Amino acid sequence: MVGYITKRALWAIPTLVFVSFISFVIIQLPPGDYITAYAAQLRHGGEYLTEAQEAAMRQQYGLNDPILVQYWRWISNILFRGDFGHSLEWNAPVSSLIWERLGLTLAISTLSMVFTWIIAIPVGVYAATRQYSLFDYLFTVFGFLGKGIPDFLLALILMWLGFTWLNMDVGGLLSPRYESAPWTFDKVLNLLSHLWIPVVVLATGGAAGLIRVMRANMLDEMGKPYVETAYAQGLSERQVVWGYPVRVALNPFISTVGWALPALFSGDVITAVVLNLPTTGPLLLQALKMQDMYLAGSFILILSVFTVVGTLVSDVLLAWSDPRIRYA
Amino acid sequence: MSVNTTPMPPERLLQLDDVHVHFSMREGLVRAVNGVSYHVDRGEVLGIVGESGSGKSVTARAIMRLLSKNAIEAGGRIRFRPEPGKEVEISSLPRDGRQVRELRGGHIGMIFQEPMTALSPVHSIGTQIMRTVMLHRRVGKEAARARAIELLERVQLPKPTEMIERYPHQLSGGMRQRAMIALALSCDPALLIADEPTTALDVTTEAQILELLKSLQAEMGMAIVFITHNFGVVADIADRVAVMYLGRIAETGSVDDIFYQPKHPYTRALLQSIPRLGQAPVRRLKTIPGMVPDPFNAPAGCAFHPRCAYAVPGRCDTLVPEVSLFPGDQSARCHLAGELPEEAL
């Protein structure tokens, strides 16, 4: 087990180096560079940079250096000083832009993922053990509806319902009067009253798909001989179902839990935009639209790192849960 | 079809009377088990022989109440005596009720055909045995662990203390089947149902597993219902034999009677289709003409008549034969039982 984890962790390192290099290359891809953009910005304000000035600045910022040197400067700034560069669009350090939204992003996404699992696993197991029953059909209909309705549409509908029937103020995560207020009990209540819409929206979309996956996995597993063996030991249906086939049917969930990490970070961009959530998703969208290179590049880097780390976490969890992987 | 209601004799462990199991399928109703009666006495080994689809496994699952959900338990009586003086009518208990669950694993152990897939892939051998022991014996983890080690030693697995930490995928087929036997015997059941336990194994391993089962049977004294399609295996292990064909028992009797004085043409045909030591040299082994009939349209009358060399038109194809009894507890379901011409086997 330890050997397996060490091996997987060591393999992650070259992957991370490669991924970070690709991210840097992507940042460099758009024509022009930081100075070009800066000059354009100045021109917008009615000032001009001469060719000589631009060249001097390029020299100063090291933009004429070979790409490997520039890459090293960029990655060592990130690694040793946590400095992701400067956002042209926001005129602020990228790191502070991202970190200030990260907390809420993680909170909303983790919450919706937990809800997704709480809904999807029991419903999937129920639908499989009571195949073709009334509730199985109901959950199937619900599943396809949930999968078919776009998240942003569901968000709009819930906002409309919340606004017209429950007389709530919707959108964002806090009512305007609490935005800059200190954290009090009332503020937390206010946060919760806003939080349910994104959580419900994200959880239903995710759960709808996972219910189908869980049901199919369970149906596969329940037909296997070891399940009959378990019944033949005198275990009750509940002990058998939750102790044996569910354990195996969860494997695909476990092997994809790591992908939740990057998904948590990018969030559901469109839903977040519709709901006006101060999460990282809309920031990424904005950065891509405005060609805000350092911001977008940092996003790509962080997403990639999360993917690599998430896959590592998945592999370790899977090895922990399935001996066939542990000892393979 | 009168259901036997006489009380079971004292030595009786398990008795099936006129058991019917049907499956409702899209293509129609399959009468997989169509009036099966057999019994097993305490400490006895009953071999059940039949081709695929003869209903031998389904009958076994009816005893364990492990039939799939589309099965219809269409009648008959299954009685079991877990201990002297106590009688349970398994067929009238709720399918997954507490009483049936107490029997499963506790008083009736079961071994399955596929050792490769019959053990849970995500639990160690020890965990699987301990779970059964703790469930039925109500003992703690330590006692269950000690019992698991003892059982693995009994089934002659090397290094039992290490073996309990192993997972099924780390063992060979023969070792898994040994572990499976340990699991089935974990609570000293009075009855062991072995559903083709050696079919998936190679011949050498098969012989070892049979030896093991015989020695365990001698040691622990449990009765065995041994299901197989292999007459050679039956000759090796069984005291009595029941031959099944299309959901019915064609013939039952002691091993010697079945092998040397078969009364049913089907039993005869089966025996003629296998090679024997000391047999007069023949160019070819005999085969049974035709195929096992489609289960959706079982033949009228005696189900075997289309393939039977002795079938009498007008009788065998219209009337379902009654059971004819012979001395020595042998019986055959054939119109011509006892009247068949002598023939070299």
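Naming convention: chains lettered A, B, ... in sequence-line order (proteins, then strands); numbering from 1 in each chain. Note that the structure is predicted; figures quoted are calculated from it, not measured.
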Enquirer: With a 4.5 angstrom heavy-atom cut-off, could you sort out which part of B:Q170 is near chain A: side chain, backbone, both or neither?
Expert: side chain
Enquirer: Heavy-atom pairs under 4.5 Å with chain A are the metric here; pick the option from B:E102, B:R104, B:E114 that has the most.
Expert: B:R104
Enquirer: Which residues from residues 179-199 of chain B are near chain A, with near meaning under 4.5 Å between non-hydrogen atoms?
Expert: B:M180, B:L183
Enquirer: Counting only non-hydrogen atoms closer than 4.5 Å, does A:S236 touch chain B with its backbone (N, CA, C, O), its side chain (CB onward), both, or neither?
Expert: both
Enquirer: Could you name the residues of residues 208-223 of chain A that have a heavy atom within less than 4.5 Å of a heavy atom in chain B?
Expert: none
Enquirer: State which residues pass side-chain contact (heavy atoms from CB on, under 4.5 Å) with A:E237; sequence neighbours excluded, sorted by chain then number.
Expert: A:T129, A:R130, A:Y231, A:V241, B:K69
Enquirer: Does anything in residues 115-141 of chain B reach chain A? List residues with heavy atoms under 4.5 Å apart, or say none.
Expert: B:T117, B:A118, B:L119, B:S120, B:P121, B:V122, B:H123, B:R131, B:T132, B:L135, B:H136
Enquirer: Atom NE2 in B:H169, atom CD1 in A:I325: separation rounded to 0.5 Å?
Expert: 9.5 Å
Enquirer: Just checking A:F115: does its CZ atom have more than 12 heavy atoms from other residues, nucleotides or ligands closer to it than 6.0 angstrom?
Expert: no
Enquirer: Is it the case that over 12 heavy atoms from other parts of the model lie below 6.0 angstrom from the CZ atom of B:R145?
Expert: no
Enquirer: With a 4.5 angstrom heavy-atom cut-off, is it the side chain or the backbone of B:R98 that approaches chain A, or both, or neither?
Expert: neither
Enquirer: If you count heavy-atom pairs within less than 4.5 Å of chain B, which of A:A230, A:S321, A:P225, A:P245 leads?
Expert: A:P225
Enquirer: Identify which part of A:Q131 has an atom lying under 4.5 Å from any heavy atom of chain B, answering side chain, backbone, both or neither.
Expert: neither
Enquirer: Based on non-hydrogen pairs under 4.5 Å, which of A:L235, A:V227, A:V248 is most in contact with chain B?
Expert: A:L235
Enquirer: Counting neighbours of CD on B:Q99 that are heavy atoms of other residues, nucleotides or ligands and sit closer than 6.0 Å, is the number greater than 12?
Expert: no
Enquirer: Kindly check if the number of other-residue, nucleotide or ligand heavy atoms within 6.0 Å of CH2 (A:W242) is above 12?
Expert: yes
Enquirer: Passes side chain to side chain contact (heavy atoms under 4.5 Å, CB included), A:E228 versus B:R61? Steps please.
Expert: CA-CA 10 Å; A:E228 189 176 39; B:R61 277 166 181 72; 2.5 Å; yes
